[in-house]
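Predicted model only: the values in this text are computed from it and were never measured. Ligands are counted one by one from 1 in listed order, and the atoms in each one are counted from 1 as well.
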Amino acid sequence: MTHYERLAAINKAHLWNPFTQMKDYNNSDPLIIERGEGVMLYDVKGRAYYDGFSSVWLNVHGHNVPELNQAITDQLERVAHATLLGMANVPAIELAEKLVEISPEGLNKVFYSDSGATGVEIAVKMAFQYWKNRGETGKTKFITMNQAYHGDTIGAVSVGAIPLYHDVFRPMLFPTYVIPYPYAYRHEDDEREATEATLTALRNVLETSADEIAAIIVEPIVQGASGILIMPDGCLREMAALCRTYGVLFIADEVATGFGRTGAMFACDLEEVSPDLMVIGKGLTGGYLPVAATLATDEVYNEFYADYEEQKTFFHGHSFTGNPLGCAVALANLKLFEERNLVEGVRAKATFVERKLAVLKDSPHVGDIRQKGLMIGIELVRDKETREPYDWAERIGVRVTGRARELGMLTRPLGNVVVFIPPLASTEAELDAMTDILMKSILDVTEGGLET
Ligand SMILES: *Cc1c(COP(=O)(O)O)cnc(C)c1O
């Protein structure tokens, strides 16, 4: 038995992978990664792959980055973990100061957790208790957007709206108001009409029910897991303004969009929106360690700030809240952002990728190419004219990404949407090679009739 065969057998016997039908997986030759270097990942057989989805949208500066490794080793020699419950540690404090400095106006308080989903749970619970602490006990409900994804814990699933993932759990979830997300491609590319549908629905909910609504939660500018849907200009700003008018808190879930991904440090910056609560994760540690955070305004925080007897404390925490190793690598990550002028670089690289992908515009099964910064989704359709989608059972996205893997690049589809989310640090030459593989995989499968 080779090293690979042994690991694959143990994987199939004992490891239950997330978001994975294990019956399919166990009938395949699993990909087992051993190491990474820059934008490349290497499997135990020694094959090299471009990390075309930043290891599920996390990676920033590449893998095995000396500066980030060093930050972890330095901190490791001091202390690996110390709690934030009623005390603090050095990197957690320093990172909080940095996050307040770079985040949208007004977000002055940082509450740590360990994943995007827990960050969302915290935002939802904070918004709920904020109104309770103010004595407005009727404001208990939430607004979310159609096809939203906010993570996989029960609270995060409650404010989610992707039927494939969420419907099975519906009986155990709290109900929400769901408004449409502006999906211009499904409005004959009429951005104004798509935006109006969203704003009208929001206005209606607020007019009739604002007195029972605590907050809205939104994936700003790019709705990720639904298929990389891009909000038309102005929509986010108008949504935030409406919520302010009606006294409903605005929660921005920047877990996917944060840290330069869209060409701004945060997607909210693109429209100068200052949310009441903001959730960050994924790129926060450069994709190295599980740290997330929920940022809050002073106004939110101050409703919890009281004599202990008033029982306004936020009773929430995790064993690893504010983990020093994670916070240390997050600080090193943000230092590299500055030293390498990374956010500006993303805008130039995005233009390069956009020009390259334009070639696909005429291909008969490419319906829509959506891009914000280095977040790219290509929607494949059976019929370009009528925009008829491929049947889900054809698993067109899975076949295209399977082909990409054969050609040496990793990514994961979202239904019929092929996702390309390269590490922000990718060079133009690397992006060139990656987009070549991406385009060839799409053409091979949709036009070459290639079965993979
Ligand atoms: C990935 C993601 C989450 C969940 O983050 P986890 O770290 O996987 O729990 C939440 N919201 C958005 C927008 C995401 O993309």
Can you list every pair where an N/O of ligand 1 is under 3.5 Å from an N/O on the protein?
{"from": "ligand 1", "atom 1": "5 (O)", "to": "G116", "atom 2": "N", "distance (Å)": "3.4"}
{"from": "ligand 1", "atom 1": "7 (O)", "to": "G116", "atom 2": "N", "distance (Å)": "2.8"}
{"from": "ligand 1", "atom 1": "9 (O)", "to": "G116", "atom 2": "N", "distance (Å)": "3.3"}
{"from": "ligand 1", "atom 1": "9 (O)", "to": "A117", "atom 2": "N", "distance (Å)": "2.8"}
{"from": "ligand 1", "atom 1": "11 (N)", "to": "D253", "atom 2": "OD1", "distance (Å)": "3.3"}
{"from": "ligand 1", "atom 1": "11 (N)", "to": "D253", "atom 2": "OD2", "distance (Å)": "2.6"}
{"from": "ligand 1", "atom 1": "15 (O)", "to": "K282", "atom 2": "NZ", "distance (Å)": "2.6"}

Donor-acceptor contacts under 3.5 Å from residues 148-160 side chains, at least two apart:
{"from": "Y149", "atom 1": "OH", "to": "D152", "atom 2": "OD1", "distance (Å)": "3.2"}
{"from": "Y149", "atom 1": "OH", "to": "D152", "atom 2": "OD2", "distance (Å)": "2.8"}
{"from": "H150", "atom 1": "ND1", "to": "D253", "atom 2": "OD2", "distance (Å)": "2.6"}
{"from": "T153", "atom 1": "OG1", "to": "E121", "atom 2": "OE2", "distance (Å)": "2.3"}
{"from": "S158", "atom 1": "OG", "to": "I154", "atom 2": "O", "distance (Å)": "3.0"}
{"from": "S158", "atom 1": "OG", "to": "F174", "atom 2": "N", "distance (Å)": "3.1"}

Those residues that, when tested against H365, pass ring pair (Phe, Tyr, Trp, His ring centres under 6.0 Å) (two or more places apart)
Y390

Under 3.5 Å donor-acceptor, Y49 side chain and L407 backbone:
no

Partner set under side chain to side chain donor-acceptor pair (under 3.5 Å) for E430, not counting sequence neighbours
T427

Given L380, which partner from the list D368, V418, V417 fulfils the side-chain contact (heavy atoms from CB on, under 4.5 Å) test?
V418

Within the 4.5 Å heavy-atom criterion, are D51 and M40 side-chain neighbours or not?
no

